[in-house]
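Report on one structure; see the data block that follows.
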Amino acid sequence: MENTRRDMLEKALFGAGYAGLRALATGLPLAAFTRPLSALAQEMTTCTAADKANAKFLILSTSASGDPMNANVPGTYAFPDMAHALDPGMARTDFKLGNQAVTAAQLWSTLPQWALDRTSFFHHATLTNNHANLPKVMKVMGMTARQEMMPSIFARHLAPCLGTVQTEPVSVGAGEILTYNGRGLPNVPPTGLRDVLTRPKGTLATLQQLRDQTVDKIYGALKENGTPAQRAYLDSLAMSRRQARSLSDDLLGMLAGITTDTSAGQVLAAVALVRMNVAPVIAIRIDFGGDNHTDPDLMKSEVPAHATAMVRITALMEAVRQYGLEDKVVFAAQNVFGRTLKKLGTTGRDHWASHHVTVMMGKTIRPGVIGGLEPKSGDYYATPIDSVSGRGTPGGGDIPFGETLASVAKTLGRAVGLPKALLDTQISGGKPVAAALTV
């Protein structure tokens, strides 16, 4: 029974006939194993919904806990009555996002500078304060076409351009939170992924052998029916036996490093799935303090969780850089809602529908702060936003308060390579913010 479950998972990850593993083992595009001879004549022609040159993988951290991720970022230290822990990690600290000087908790300044130079903090509202509404937030609170989730919209249109094994996003430790075409998607625990892919006689362990078998088979087909151009194309892309062996050893070593299903394991699993070209969008969960209504001096959960979160984000960004993926991956963190900034002081934080911060990192992200805050109803609200400058504009701006979540979705969509015209058909309301993007 256990072997059957493992086989099913492996086939789900790598497709019928292990097409994804064959693509990984040979270096050939996935299309070569779904329509071989025609694919060898020309690369994929189905990349129509995104700019292939700018298409990115998305690693999305999300949670229904409503973590206080919004409470200590750039923009929240400009108001003296906002609550921050007295711990040194939350001390007011000046640092730079690219050329922009900002002030935030000291912990945020500990991220690698190259990553900070690709980071935007986007102030907005999620318009809900209910834990159970994470699926609604993923559907941009009713603003997506056919009630599809934002990660699934991105995945559907990115998959042909990235040549991933599957179109659906994958949750690797974030929980069973995603749907695709209305169908619930399972959660894949990082240690379960490790166990499936590092089996002594598993296909990943025999990647070199799979490479030889596959290349020989394709060469045989081309000898019978192929053209010189097709054979030349195969030669230009085919991975050598040495490269296949090195990749196998490298991936096995990386997966063996997964020892937990916590965010530490999720980060490694997400990068491994990107390296294996499994899915366009990978969901994980990096904890920033959870549901901290009662959190004396904000020291029980908020401070230690923030410290761990910085370690996890650093590990993620360094891993994508180590494997040459830093220009191919966008990381974003977005939860169901934010937390109050003033109301309870440092005794804890309540749910807050009116302010949240989505963090985005990647090559296509312009460093800085988008939007802002204004005092309202005894606490602070996200402001409307100017879509060109990205400035928060109380009482103005062409992105009203109620459309700031949609603007986050459209901005992130542009960052992963989707055109504005497509995003406008999939997400109503809001505008992409030009100041947050390098594209």
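Leu418 places a side-chain heavy atom less than 4.5 Å from the side chain of Leu158. Using a 4.5 Å cut-off on side-chain heavy atoms (C-beta onward), Met149 and Thr144 make no contact. The shortest distance between side-chain heavy atoms of Lys300 and Asn292 does not fall below 4.5 Å. The closest side-chain heavy-atom distance from Phe154 to Glu148 is not below 4.5 Å. Contact annotation: the side chain of Thr126 never approaches that of Val336 to less than 4.5 Å [non-hydrogen atoms, C-beta and beyond]. Inter-residue side-chain proximity for Leu268 and Leu255 is flagged as unmet; no heavy-atom pair is nearer than 4.5 Å. At least one side-chain heavy atom of Leu341 sits under 4.5 Å from a side-chain heavy atom of His355. For the pair Leu58 and Leu412, the minimum side-chain heavy-atom distance is below 4.5 Å.
Contact record, Thr119 with Ile365: C-CG2, 4.1 Å, taken as the closest heavy-atom pair. Residues Pro280 and Ala155 come closest through the heavy atom pair CG-O, 3.6 Å. For Ile427 against Ala409, the heavy-atom pair with the smallest separation is CD1-CB, 3.7 Å. Thr260 and Pro190 make their closest contact through O-CB, 3.8 Å (heavy atoms, listed as atom of the first residue, atom of the second, distance). When all heavy atoms are compared, the tightest approach of Ala353 to Ala125 is O-CB, 3.5 Å. The heavy-atom pair separating Gly345 from Ala83 by the smallest distance is O-CB, 3.3 Å.
A distance-only check finds no donor-acceptor pair linking the side chain of Arg366 to the backbone of Ala436 [under 3.5 Å]. Asn277 places a side-chain N or O within 3.5 Å of a backbone atom of Leu162 that can act as its donor or acceptor partner. At least one donor-acceptor pair under 3.5 Å links the side chain of Ser407 to the backbone N or O of Lys431. No side-chain donor-acceptor contact under 3.5 Å links Asn187 to the backbone of Glu176. At least one donor-acceptor pair under 3.5 Å links the side chain of His306 to the backbone N or O of Phe288. The main-chain N or O of Trp352 is never found under 3.5 Å from a side-chain atom of Thr340 such that the two would form a donor-acceptor pair. Of the possible donor and acceptor atoms, none in the side chain of Asp67 sits under 3.5 Å from a partner among the backbone N and O of Asp287. Using a distance-only test at 3.5 Å, with no hydrogens or angles considered, no donor-acceptor pair links the side chain of Gln106 to the main chain of Arg92. In this structure a side-chain-to-backbone donor-acceptor pair under 3.5 Å is missing from Asp117 to Leu97.
A salt bridge links Asp327 and Arg118; the closest N-O separation between the charged side-chain nitrogens and carboxylate oxygens is under 4.0 Å.
For Asp291, the salt bridge (charged side-chain N to carboxylate O under 4.0 Å, His left out) partners are Arg339, not counting sequence neighbours. For Lys56, there are no salt bridge (charged side-chain N to carboxylate O under 4.0 Å, His left out) partners at least two apart in sequence or on another chain. Residues meeting the side chain to side chain donor-acceptor pair (under 3.5 Å) test with Thr294, sequence neighbours left out: none. The salt bridge (charged side-chain N to carboxylate O under 4.0 Å, His left out) search around Arg183 returns Glu168, not counting sequence neighbours. Applying the ring-ring contact (aromatic ring centres under 6.0 Å, His included) test to His293 and every residue at least two apart in sequence or in another chain returns His351.
The structure places CG of Leu344 at 9.0 Å from CZ of Arg349, a figure rounded to the nearest 0.5 Å. Atom CD of residue Gln243 and atom OG1 of residue Thr26 lie 11.0 Å apart, to the nearest 0.5 angstrom. The line from CG of Leu178 to CD1 of Ile282 is 10.0 Å long, rounded to the nearest 0.5 Å. Taking CZ of Phe122 as the start and CG of Asn70 as the end, the distance is 14.5 Å to the nearest 0.5 Å. In this structure, OG1 in Thr347 is found 9.0 Å from CG in Asp297, a value given to the nearest 0.5 Å. Here the OG1-CG distance, from Thr214 to Leu24, works out to 11.0 Å after rounding to the nearest 0.5 Å.
The side-chain hydrogen bond (donor to acceptor under 3.5 Å, both in side chains) analysis of residues 311-323, with sequence neighbours excluded, yields the pairs Ser263-Arg312.
Within 6.0 Å of NZ in Lys363 there are 12 or fewer heavy atoms belonging to other residues, nucleotides or ligands. Dense packing is recorded around CG of Asp216, with more than 12 heavy atoms of other residues, nucleotides or ligands lying under 6.0 Å away.
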*Passes side chain to side chain contact (heavy atoms under 4.5 Å, CB included), Tyr180 versus Thr167? Steps please.*
CA-CA 9 Å; Tyr180 186 86; Thr167 302; 3.0 Å; yes

*Evaluate side chain to side chain contact (heavy atoms under 4.5 Å, CB included) for Lys420 paired with Arg414, printing each intermediate quantity in order.*
CA-CA 7 Å; Lys420 182 179 182 299; Arg414 292 289 294 122; 4.1 Å; yes

*asked:* Quick one, His157 with Ile153, criterion side chain to side chain contact (heavy atoms under 4.5 Å, CB included). Give me CA distance, side-chain angles, the key distance, then yes/no.
replied: CA-CA 7 Å; His157 297 292; Ile153 291 172; 4.2 Å; yes

*When you look at Thr128 and Lys136, which way does the side chain to side chain contact (heavy atoms under 4.5 Å, CB included) test go after all the steps?*
CA-CA 9 Å; Thr128 180; Lys136 292 184 178 181; over 6 Å; no

*List the steps and the verdict of side-chain hydrogen bond (donor to acceptor under 3.5 Å, both in side chains) for Arg285 and Ser65.*
CA-CA 10 Å; Arg285 178 186 172 182; Ser65 293; 2.8 Å; yes

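When each of Gln334, His356, Met150 is tested with Val408 by the rule side chain to side chain contact (heavy atoms under 4.5 Å, CB included), just one qualifies, namely Gln334.
Checking Thr103 against Asp94 by side-chain atom types alone, a donor-acceptor pair falls below 3.5 Å. If you check the side chains of Ser301 and Asp295, you find a donor sitting under 3.5 Å from an acceptor. There is no side-chain donor-acceptor pair under 3.5 Å between Ser63 and Asn335.
With ring centers used as reference points, His131 lies under 6.0 Å from Phe337.
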